[in-house]
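Step one of this worksheet: look at the structure below.
Computed from heavy atoms alone, side chains included, the values below leave out hydrogens, waters and symmetry copies. Predicted model, so just to flag it, every value in this text is computed and none were measured.
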Amino acid sequence: MVNQIIPFSCVDGPGSRFVVFMQGCNYRCKSCHNPHTIDLCDSCGDCLPSCPTQALSLITSNNKPQVIWNEALCTQCDLCLTVCPKQSTPKTQRYSVEQLLTLIRQQVHFLNGITISGGEATLQLPFIIALFNAIKADKDLAHLSCMLDSNGSLSTGGWQQLLPIIDGAMIDLKSWQQDTHRYITGRGNHRVINAIALLASEGKLYEVRLLHIPGISDFDTELTAVASHLKKLPVNVRVKLNAFQHHGVTGTALSWSTSSETQTKQLAAQLSQRGVRNIVLPSSYL
Ligand code: SF4
Ligand code: SF4
């Protein structure tokens with residue numbers, strides 16, 4: 001179940017990448033910039049009247065209602081998103097592995113790799129495994145690196161299934177203390193910490209992403225603990241700082257302060273002074 005496909009991206013892993021954003025997430029981050037990726041549409045049909053171009057229709061399939069989105073008629077006005085009682089989106093599509101391979105083959109000469117993102121991509125673990133195995137088995141695609149962008153909530157058993165077929169992963173660390181992480185995301189961060197350690201030990205950790213929300217995420221107050229953990233990572237692992245902004249955010253987080261370039265650079269300097277290496281600053285503060 002796919003929310004969006006971007007045929008070329010240079011911010012979702014190394015080089016030029018084909019990125020698949022999967023629908024559905026097991027976190028409910030107050031800071032989410034794309035909250036419509038969290039819940040799955042239950043085909044209630046409430047959004048149909050809001051669509052000015054009749055891009056949405058309700059059919060019955062296997063005795064169940066199903067909302068169908070016609071991409072060709074959609075103008076991306078996003079009115080449907082504003083009325084959905086689940087804050088979900090009808091603008092998702094199901095793809096088979098073969099359908100994605102066809103799209104990837106069309107771009108292959110311009111790509112360094114594939115990134116599966118979300119939502120939380122690992123909620124669709126069997127599909128990711130099938131897709132990455134198919135890429136590795138295809139002589140024309142096998143050179144593409146297969147990477148995962150994840151909130152880190154997958155169990156160790158799940159990561160063990162992925163480790164043989166992924167080339168790397170980008171993991172979000174939204175906060176250091178359990179309570180703060182639970183406040184921001186709805187879940188604790190034990191699995192995130194475990195995932196970072198496991199991927200690092202297997203040489204599959206490409207990047208850890210810290211979300212800096214002044215006064216909310218606790219990286220400023222937990223500097224010593226965070227730095228002593230991050231400085232043990234292999235030197236090639238990027239520590240990317242993301243500066244919280246209001247774009248796309250809804251609810252409580254709209255009242256939170258955004259992270260300025262000055263504040264983010266100050267955090268970077270403080271982490272660096274404590275021995276954290278390979279810190280990457282945000283490419284944008286919008
Ligand atoms: S975003 Fe597309 S599907 Fe949604 S209301 Fe607008 S035109 Fe219709
Ligand atoms: S997107 Fe929301 S409003 Fe539209 S059918 Fe799905 S659950 Fe209902």
- Task: Run the numbers on Thr250 and Gln87 for side-chain hydrogen bond (donor to acceptor under 3.5 Å, both in side chains), then give the verdict.
- Result: CA-CA 10 Å; Thr250 58; Gln87 210 180 22; 3.1 Å; yes
- After noting the C-alpha distance and the side-chain angles of Ser259 and Thr264, does the key distance pass the side-chain hydrogen bond (donor to acceptor under 3.5 Å, both in side chains) rule? CA-CA 6 Å; Ser259 178; Thr264 312; 2.9 Å; yes
- Item | Criterion side-chain contact (heavy atoms from CB on, under 4.5 Å) on Phe110 and Val108, from CA distance to verdict | CA-CA 5 Å; Phe110 309 102; Val108 65; over 6 Å; no
- Task: With side-chain contact (heavy atoms from CB on, under 4.5 Å) as the test, would you mind laying out the steps for Gln54 and Leu56 before giving the verdict?
- Result: CA-CA 5 Å; Gln54 285 77 52; Leu56 301 172; over 6 Å; no
- Message: Would Ile279 and Leu230 count as a side-chain contact (heavy atoms from CB on, under 4.5 Å) here? Give the steps.
- Response: CA-CA 10 Å; Ile279 297 172; Leu230 293 178; over 6 Å; no
- side-chain contact (heavy atoms from CB on, under 4.5 Å) between Asn151 and Cys25, worked out: CA-CA 9 Å; Asn151 64 20; Cys25 188; 3.8 Å; yes
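At a threshold of 4.0 Å, the pair Lys240-Asp172 does not count as salt-bridged, since none of the basic side-chain nitrogens sits closer than that to a carboxylate oxygen.
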Side-chain donor/acceptor pairs under 3.5 Å, residues 41-48, sequence neighbours excluded:
unit_1: Asp42; atom_1: OD1; unit_2: Cys44; atom_2: N; d: 3.3
unit_1: Ser43; atom_1: OG; unit_2: Val67; atom_2: N; d: 2.9

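For the pair Glu120 and Ser153, the tightest heavy-atom approach, listed with the atom from each and the gap, is CG-OG, 4.2 Å.
A donor-acceptor pair shorter than 3.5 Å cannot be found between the side chains of Asn112 and Ser16. Ser9 and Asp12 form a side-chain donor-acceptor contact under 3.5 Å, judged by distance and modelled atom types alone. Side-chain contact of Asn3 with Thr92: a donor-acceptor pair under 3.5 Å is absent, judged by distance alone. For the 3.5 Å distance criterion, the side chains of Thr102 and Gln99 fail to qualify, holding no donor opposite an acceptor. With 3.5 Å as the limit, one finds a donor-acceptor pair spanning the side chains of Gln76 and Lys91.
Identified under the ring-ring contact (aromatic ring centres under 6.0 Å, His included) test for residues 235-255, with sequence neighbours left out: Phe244-His246, Phe244-Trp256. Sorted pairs that involve residues 114-166 and meet ring-ring contact (aromatic ring centres under 6.0 Å, His included), not counting sequence neighbours, are lacking altogether. Applying the salt bridge (Lys or Arg N to Asp or Glu O under 4.0 Å) test to residues at least two apart or on different chains, the pairs with a partner in residues 181-193 are Asp179-Arg182. Residue pairs meeting the salt bridge (Lys or Arg N to Asp or Glu O under 4.0 Å) criterion with at least one member in residues 142-152, sequence neighbours excluded, are Asp149-Arg209. Residue pairs meeting the ring-ring contact (aromatic ring centres under 6.0 Å, His included) criterion with at least one member in residues 201-232, sequence neighbours excluded, are Trp176-His229.
Thr37 contributes no side-chain N or O that, together with a main-chain N or O of Gly24, makes up a donor-acceptor pair within less than 3.5 Å. Arg238 places no side-chain N or O within donor-acceptor distance of the main-chain N or O of Val280, the cut-off being under 3.5 Å. Checked by atom type and distance alone, the side chain of Asp138 never pairs as donor or acceptor with a backbone atom of Ala134 at under 3.5 Å. A donor-acceptor pair under 3.5 Å is absent between the side-chain atoms of Gln124 and the main chain of Ala121, judged by distance alone. No donor-acceptor pair closer than 3.5 Å links the side chain of Lys204 to the backbone N or O of Gly168. Using modelled atom types, no side-chain atom of Glu207 and backbone atom of Gly13 make a donor-acceptor pair closer than 3.5 Å. Not one N or O on the side chain of Glu222 forms a donor-acceptor pair closer than 3.5 Å with the backbone of Gln177.
His181 contributes atom NE2, which lies 10.5 Å from atom OG of Ser217 (distance to the nearest 0.5 angstrom).
Within a 6.0 Å sphere centred on NZ of Lys265, heavy atoms belonging to other residues, nucleotides or ligands number 12 at most.
Taken together through direct or relayed side-chain contacts under 4.5 Å among Ile, Leu, Val, Met, Phe, Trp and Tyr, Ile114 and Leu103 form part of one hydrophobic cluster. Criterion: ILVMFWY side-chain heavy atoms under 4.5 Å apart, direct or through other members. Under it, Met170 and Met22 are not part of a common hydrophobic cluster.
Remark: of the listed residues Ile104, Val97, Ile165, Leu100, Ile104 is the sole one forming a side-chain contact (heavy atoms from CB on, under 4.5 Å) with Ile135.
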